[in-house]
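Report on the following structure.
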Amino acid sequence: MAAGRRIYIIGFMGSGKSTTGKKLAATLGWQFLDLDKVIELEAGQPIKDIFSTSGEDHFRDIESEILLNLKTNNDTVISAGGGTPCHGSNMDFMIRTGLVVYLKMTPAQLKSRLKSPSAARPLINNVSGTELLKYISDKLSEREKYYRRAPIIINGINLDIKTLSGKIKIMLKE
Ligand code: S3P
């Protein structure tokens with residue numbers, strides 16, 4: 001079977017990539033894949049354990065390897081991890097193999113969505129308050145040059161799935 005079309009959802013931790021990806025997939029009638037979940041499944045370990053036992057560099061190697069070898073037979077919406085586009089040739093690969101959507105939010109908006117700790121986000125597990133805001137601002141300014149290469153950039157707050165799927169349908173026809 002020929003490989004299906006792909007939409008990649010990218011953006012900072014907490015920008016709603018998985019929630020939006022699932023809704024978008026349902027609206028388009030496509031499949032949905034969460035890259036973090038595929039990594040946990042293939043590595044046989046939760047993300048926090050990969051970070052704590054083998055370190056971030058090893059996580060990035062696994063993340064790239066899994067992304068670059070992902071098999072999707074049907075049309076699929078894929079939510080990436082926050083750091084996925086910023087390592088190796090991942091962003092080039094996503095642009096080449098699908099339509100990339102960046103869910104944009106400000107550091108303050110992200111901070112209010114990242115207040116409660118998540119096991120899947122070891123990078124910010126022990127960071128809070130003004131330290132968290134500074135971490136997000138610094139990291140986002142490092143990462144935005146990658147994120148901004150996405151052909152679709154959309155405000156992640158109050159996102160209307162119909163508006164997004166409309167934009168996507170136009171781009172897919174072009
Ligand atoms: C990361 C984001 C996480 C996960 C890992 C690293 C990052 O995914 O891939 O903890 O570097 O921003 P989410 O963006 O889905 O939280």
Side-chain angles (χ1 to χ4, degrees), residues 6-25 31-70 72 76-95 98 100-128 131-150 152-157 159 161 164:
R6 292 178 180 193
I7 293 164
Y8 297 98
I9 312 285
I10 66 164
F12 206 80
M13 288 175 270
S15 57
K17 299 180 292 291
S18 305
T19 310
T20 303
K22 273 182 209 154
K23 285 189 194 159
L24 185 63
Q31 282 192 343
F32 172 73
L33 260 187
D34 182 329
L35 189 65
D36 284 339
K37 296 264 158 55
V38 181
I39 293 171
E40 292 190 328
L41 211 70
E42 295 208 7
Q45 264 186 317
I47 287 180
K48 71 166 179 14
D49 291 355
I50 307 175
F51 269 77
S52 62
T53 56
S54 317
E56 180 174 348
D57 288 352
H58 182 63
F59 172 78
R60 297 302 172 196
D61 289 346
I62 304 177
E63 181 180 48
S64 296
E65 199 191 317
I66 289 177
L67 172 72
L68 270 47
N69 292 295
L70 210 54
T72 50
T76 308
V77 178
I78 299 157
S79 68
T84 312
C86 319
H87 293 92
S89 58
N90 295 353
M91 191 61 179
D92 289 332
F93 175 81
M94 291 192 279
I95 288 173
V100 186
V101 177
Y102 168 31
L103 296 188
K104 195 176 164 62
M105 284 186 195
T106 65
Q109 288 165 340
L110 290 164
K111 180 185 175 247
S112 72
R113 296 164 59 94
L114 286 168
K115 266 186 210 141
S116 41
S118 152
R121 294 179 178 138
L123 289 173
I124 53 165
N125 253 353
N126 299 310
V127 193
S128 60
E131 209 191 321
L132 179 59
L133 186 60
K134 183 170 172 8
Y135 178 88
I136 296 169
S137 302
D138 292 351
K139 204 74 173 171
L140 186 61
S141 37
E142 267 170 38
R143 288 181 168 180
E144 270 230 302
K145 64 174 179 292
Y146 300 96
Y147 294 162
R148 268 197 256 110
R149 292 181 61 202
I152 296 184
I153 299 178
I154 193 155
N155 187 345
I157 298 285
L159 179 70
I161 291 294
L164 177 58

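No experiment lies behind these values; they were computed from the predicted model shown. Residue numbers count from 1 along this sequence. We count ligands from 1, going down the list as the structure has it; atoms in each ligand are counted the same way.
Protein neighbours of ligand 1 below 4.0 Å, counting non-hydrogen atoms: Met13, Lys17, Asp36, Ile47, Phe59, Arg60, Gly81, Gly82, Gly83, Ala120, Arg121, Pro122, Leu123, Arg143.
Annotation for Asn69: atom CG counts as buried by contact number, over 12 foreign heavy atoms lying within 6.0 Å.
Using a distance-only test at 3.5 Å, with no hydrogens or angles considered, no donor-acceptor pair links the side chain of Ser64 to the main chain of Asp61. Side-chain N or O atoms of Lys17 include one that pairs as donor or acceptor with a backbone N or O of Phe12 at under 3.5 Å.
At least one side-chain heavy atom of Leu140 sits less than 4.5 Å from a side-chain heavy atom of Tyr147.
Residues Ile153 and Arg148 share a closest heavy-atom pair of CD1-O, 3.7 Å.
A salt bridge links Glu63 and Arg60; the closest N-O separation between the charged side-chain nitrogens and carboxylate oxygens is under 4.0 Å.
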